[in-house]
**Q** 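Just passing along the structure, written as structure tokens.
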Amino acid sequence: MYIDTPTAQPTPLILETLPVPANFDDREFPKRSRQQIDLILLVIEALDIGGSEAILSVARELELEGIIKNRVTLWRLRCTNPMRRYTQRHSLSVVEAKALVLIACNLARRMTVLIRQLLLAYQQLSEKQLSVEHHFRLSYFLERFRKHFRSRMNPRRSGVLAYSSDEKLNELAIALLGQLLFCTGTSGMQRFWTSLFDGEI
Amino acid sequence: MTTIQRQYSLPNCTLILEGLSETTGGIIQSDMRPVLSILVNAECRLAGYTGPSLSGGRDFFESLVTAVSSYAQEILSGLPHQHQHLENGHVPLVQLRRNGQNLHRLIIQPHNLNAFSHSASTPTTPTNPIAIDLSTVQLFDLVEAVDQFFADSQTLPSLGLKLAPVEKRFAKSDEDLVKQAAPAALGLSSLALAAIALFFAPIPEVQRPREPLPQENSGVVSPNSTIPGQSTTEPPLPPTTTNTTPQSNLGGQTTTPVTSSTTEVPANSAATPLATQVPPTTTSNLGTQTPPVATPTPEAVPTIPPNSPVAVQSTPAPVAPTVPPTDSTVAVQPTPAPVSTPTPPTDSTVAVQPTPAPETSTAPNSVVQTPVAVPTIPSTESNVGLQTPATTLPTSTPSTSGTQTPLITGATLGRNNEIVDAASLKILNRNLYRQLQQSRTEITKFPEELVYRVAMRPDGTVINYEPRNQPAQEYLNQTPLPNVGVANVPTDSTSVNQQPVAYFKVVFTPKGVLQVSPWRGYQ
């Protein structure tokens, strides 16, 4: 017995809060933006052990199940990142990108305190010129991020090649953490979404 | 008109706005917050900042808000948004710049800071702009305060969040421009360096490739005219010929056994003994000067024997070792050895032998193709062999004189002006080899094989040589060729063309071994 799924699902209203720039004509979602979304999600996963599960649960909460049906769909969407080992040929649709941004900003807002702590800790350590190992939580986060990054990204890509050393990866993680902090703000989602189109229109 | 104060507080930053409401507030809706529409003063307090207060009027506040907002986008995307301010041409009151990886510098221009400042704490206007370094968290608090203000619809509703992505034309930062320009600059500079370096290098001379000789001859020359030309030119030659005769004699003695053996046994391959080049010179002399021949030959003859024993031994010695590689006949080589060792006695023996030899040799050669060389051999032998009766001379000389010139011409008639017949080539070949070998001062080695084509007259003078491969061109001066030739006469001139010519292939192997062979081989 078949259960007919609706052929055209109405896009969730919550996605309307993210306007697409006027002169961005339904083009393929920019390469840098796909990469940025995936990396932000990667930072979330590094911050939270149950990050990947949280992404799916938030998707359900936000009623985005029509777009992100399951784990595999999420994986395929994230694999539109050109850095990935298993890069997908097809690009990210605007709706899918919106859904991922929505989820990322939602999760980031829940982790605001942790993000601020880590950034403050990093600031203090760098002022004292101490290594990141002196802060347990920070070094743990950086270690997880490096592990995730290396296991998922294709090391032969020139974009990935730039992050071959631990120091470079740490810098990337801290920069992404700062960006994630800006996603947590009052209009963080709009800011993040708009920034994805920077230099692309 | 009531004074309204709005405050947006965050851990590291507090934004305080003081202003007035246009509408007479309390009357209409007392429960609602009145709209702050006229900004009197805006102050930004940063945690840990102890400098002059950051406050100002609407200009300052608007500038602060736009700077903070666009810089937040810059953080998120990594692309600069500053151009939007710079486009206006004036320095914005508030600027934010990245200072290192995790610090952000807030720069506030001084004069405007206090223009609308009502705070009495800063009576004197600072001349330098205020610069404050913010950490990422501090910056975020500032951004968040601004965002909360934007979100507050009751405070300055005319100012709202306006986010727009950077257009593509502004997307490329200065760093990218530098990176993009680097390869082009490198290329240009290397080109300039190369141009400078090449400026000092001499301009290479253009050498036109020489055209192959035989074709030119074929086009120009009439073969028959050569003989009279040669005969006329020769009268002045006798001194040279006498000079050559010693060589010929040297060669003669050595060659006599060689030629006798070689000519008789292997008709074509016999040319191998190189030392026999001389005979043609003598023969040609004899042939051309037949009437006066009798006198020069006796003159030459007495001179020869004293020179011969000494010189002969020396000359064949170098010849003999070099010969083997060039020539195929092994049987011939041993002949020089016996010749050199018993020079005095051989004269007699040699002289004896040749006389019968020519007769026998003439027969097979004439049969084969051209009897030319055959008479020449007896003539040389006659020169060499002093004791041999004068009868041989007359007999041989007329035959040579009569036969040689027509023989060559006969041969050349067939092919332009070229001497083709094997016997005369054989003799000339030996002569050329001898000349080259003698004029070589030392055995030089070359990286590659040098190939030359050498044109030779019947009298043994090298009239032309041309390199046939590139190394030959380059190492020409290290070869004896420039010394051998009378002059590198251009073969184009008609006078030259009209004389018979023999072409030889001269090869200097990489090990320095000299090889001489007829250009077209023996036929």
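Within every chain, numbering begins at 1; the chains are lettered A, B, ... in the order of the sequence lines, protein sequences first and strands thereafter. These values consider heavy atoms only, across backbone and side chains, with no hydrogens, waters or symmetry-generated copies.
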**Q** We want to know whether A/R32 and B/S77 form a side-chain donor-acceptor pair, criterion being a heavy-atom distance below 3.5 angstrom.
**A** no
**Q** Any side-chain hydrogen bond (donor to acceptor under 3.5 Å, both in side chains) pairs touching residues 45-54 of chain A, not counting sequence neighbours?
**A** A/E45-A/R78, A/E45-A/R152, A/E53-A/R71
**Q** Could you tell me whether a side-chain N or O of B/Q73 sits under 3.5 Å from a main-chain N or O of A/R191, the two making a donor and an acceptor?
**A** yes
**Q** For residues 114-124 of chain A, pull every pair meeting side-chain hydrogen bond (donor to acceptor under 3.5 Å, both in side chains), keeping only residues two or more places apart or in separate chains.
**A** A/R116-B/D141
**Q** Do the non-hydrogen side-chain atoms of A/T184 and B/F140 ever get within less than 4.5 Å of each other?
**A** yes
**Q** Got a second to check how far B/L76's CG is from A/I40's CD1, nearest 0.5 Å?
**A** 7.5 Å
**Q** So how far is it from A/S195 OG to B/I75 CD1, rounded to the nearest 0.5 Å?
**A** 11.0 Å
**Q** Got a sec: does the CZ of B/R45 have more than 12 other heavy atoms crowding it under 6.0 Å?
**A** no
**Q** Quick one: what part of A/Q36 sits under 4.5 Å from any heavy atom of chain B, side chain, backbone, both or neither?
**A** side chain
**Q** Between atom CZ of B/F150 and atom OG1 of A/T186, what is the distance when rounded to the nearest 0.5 Å?
**A** 11.5 Å
**Q** With rounding to the nearest 0.5 angstrom, report the OG to CD distance, A/S187 to B/E144.
**A** 7.0 Å
**Q** At what distance, to the nearest 0.5 angstrom, does OG of B/S135 lie from CG of A/L119?
**A** 8.5 Å
**Q** Quick check for you: among B/D147, B/L103, B/T136, which has the greatest number of heavy-atom pairs under 4.5 Å with chain A?
**A** B/D147
**Q** Residues of residues 9-16 of chain B under 4.5 Å from chain A (heavy atom pairs)?
**A** B/P11, B/N12
**Q** Do any pairs count as a side-chain hydrogen bond (donor to acceptor under 3.5 Å, both in side chains) and have a residue in residues 137-147 of chain A, sequence neighbours left out, and if so which ones?
**A** A/R146-A/N170
**Q** Between A/F192, A/W193, A/F197, A/F182, who has the most heavy-atom pairs with chain B when the cutoff is under 4.5 Å?
**A** A/F182
